[in-house]
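We count ligands from 1, going down the list as the structure has it; atoms in each ligand are counted the same way.
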Amino acid sequence: MTELLTDNQVAEALQHLPEWTQSGVKLTRTVEFGNFPQAIQAVNRIAEIAESENHHPDMDIRWRTVTFYCTTHSKGGITANDTSLAQEIDNVVEQLRP
Ligand SMILES: C[C@H](O)[C@H](O)[C@H]1CNC2=NC(N)=NC(=O)C2=N1
């Protein structure tokens, strides 16, 4: 079972996730895409990944700007599932907005 990360473990993970910050019990990143369709394409790709892994980000979509939040709701904090999902989100963003 994936357990909550310690503060040090989160800090260590964020060294490899430079676009992300910790906001309380969540990791968060805001991305401005080229246009609305591209933002939705990213959201759809991430949705597929999340569904396959049964771990889902919270996503706030405002025109072409999407804010992603990764937290493990069942644990009330950040786990390795969240740091892993954050990396997957970075990979999708990189593919769509190199
Ligand atoms: C039963 C539970 O809803 C599932 O195991 C998954 C679904 N996706 C999830 N996603 C996230 N971010 N946190 C969860 O606790 C979570 N639980």
At less than 3.5 Å, what protein N or O atoms come close to the N or O atoms of ligand 1? Include the distances to 0.1 Å.
unit_1	atom_1	unit_2	atom_2	d
ligand 1	5 (O)	Asn54	ND2	3.1
ligand 1	8 (N)	Asn54	O	3.4
ligand 1	8 (N)	His56	ND1	2.8
ligand 1	10 (N)	His56	N	3.0
ligand 1	12 (N)	His56	O	2.8
ligand 1	12 (N)	Thr71	O	2.8
ligand 1	13 (N)	His73	N	3.2
ligand 1	15 (O)	His73	N	3.3
ligand 1	15 (O)	Ser74	N	2.9
ligand 1	15 (O)	Ser74	OG	3.1

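Under the 4.5 Å side-chain criterion, counting only non-hydrogen atoms from C-beta, Arg97 is in contact with Val31. Taking 4.5 Å as the limit, some side-chain heavy atom of Trp20 sits within range of a side-chain heavy atom of Asp90. Looking at Thr65 and Thr30, their side chains come closer than 4.5 Å, going by heavy atoms from C-beta outward.
Under the 4.0 Å criterion applied to side-chain N and carboxylate O atoms, Asp82 and Lys26 are not assigned as salt-bridge partners.
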Would you please test Ile78 and Thr72 for side chain to side chain contact (heavy atoms under 4.5 Å, CB included) and show each step?
CA-CA 6 Å; Ile78 300 167; Thr72 300; over 6 Å; no
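When all heavy atoms of Thr71 and Val25 are compared, the pair lying nearest together is OG1-O, 2.6 Å.
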